[in-house]
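Before any comments, here is the structure.
Every value quoted in this text rests on a predicted model; they were computed, and no experiment measured them. Chain letters run A, B, ... following the sequence lines, proteins first and then strands; every chain starts at 1.
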Amino acid sequence: MAVPKKKVSKSRRNNRRAHDAIKPASHMECSSCGELKLPHHVCSSCGVYNGRKVSSTVED
Amino acid sequence: MRHLNSGRKLNRTKAHRRALFANLATSLVEHEQIKTTLPKAKDLRPLLEKYITLAKRGGLNSYRLLISRLCSQEAAKKLVEDIAPRCKDRQGGYLRITKAGFRYGDNAPMAIIEFVDRKIKVKNKTEGDKVSKDSKTEKSTEEASPKKSKKKETKKTSDKVLAS
């Protein structure tokens, strides 16, 4: 069975992982309430999407 | 091979899937708007739009077909008597899917699926139909004593107050 000949050094391991970082989730300001929301999603705080009320929230 | 490239299995057997979509379609017809996972909503839309087309055709045969597909006489009745006349001027595209974040617990992508020409009354977002009826009473108590509600909700309400 094929087996690694040498231990991978910390440097080599870390270099390999240089591109593995997770990008932060994107977000935008809701046009109706100004709260941060996910793009292309109903606003979780005011329930509005594209100027239309889609779902009701605790406040209303 | 493009086998299995259309549609989703949703980890269910054929009979289970059929029952699931009959239930989803019945609920959507009854409540006009439901919240479910995005893949289920995406599969439900073409299915129910075909049923609406069937309901628009009218006649006893299509009515009986609808009862058999939806497993619900009330839903079939509403489709034929209420929804079909409403969708008369629309050639397809009766349903709208809007993405609605990710579910707490399994991070499943959620979506709100609704009739495009739905009556404007918005359902209560969190608890389904039961809460929507007494959402009016809920509203007044919530505004009067925001501190009594859960932590997250109070935070949101207070933020709103500050903003306005």
Over all heavy atoms of both residues, which pair between B:P85 and B:V80 is shortest? Give the atoms and the distance, please.
CD-O, 3.4 Å
Looking only at non-hydrogen atoms, find the nearest pair between A:Y49 and A:H41 and report the distance.
CD1-O, 3.2 Å
Quick one: which residue pairs count as a side-chain hydrogen bond (donor to acceptor under 3.5 Å, both in side chains) with a foot in residues 10-21 of chain A, not counting sequence neighbours?
none
N/O donor to acceptor pairs below 3.5 angstrom from side-chain atoms of residues 8-25 of chain B, sequence neighbours left out:
residue, atom, partner, partner atom, Å
B:R8, NH1, B:D43, OD1, 2.5
B:R12, NH1, B:L10, O, 2.6
B:T13, OG1, B:H16, N, 3.4
B:R17, NH1, B:K9, O, 3.2
B:R17, NH1, B:R12, O, 2.8
B:N23, ND2, B:A19, O, 3.4

With sequence neighbours excluded, tell me which residues meet salt bridge (charged side-chain N to carboxylate O under 4.0 Å, His left out) with B:R64.
none
For the residue pair B:A108 and B:T37, what are the closest heavy atoms and their distance?
CB-CG2, 4.3 Å
For chain A, which residues from residues 88-101 of chain B lie under 4.5 Å away (heavy-atom distances)?
B:R96, B:T98, B:K99, B:A100, B:G101
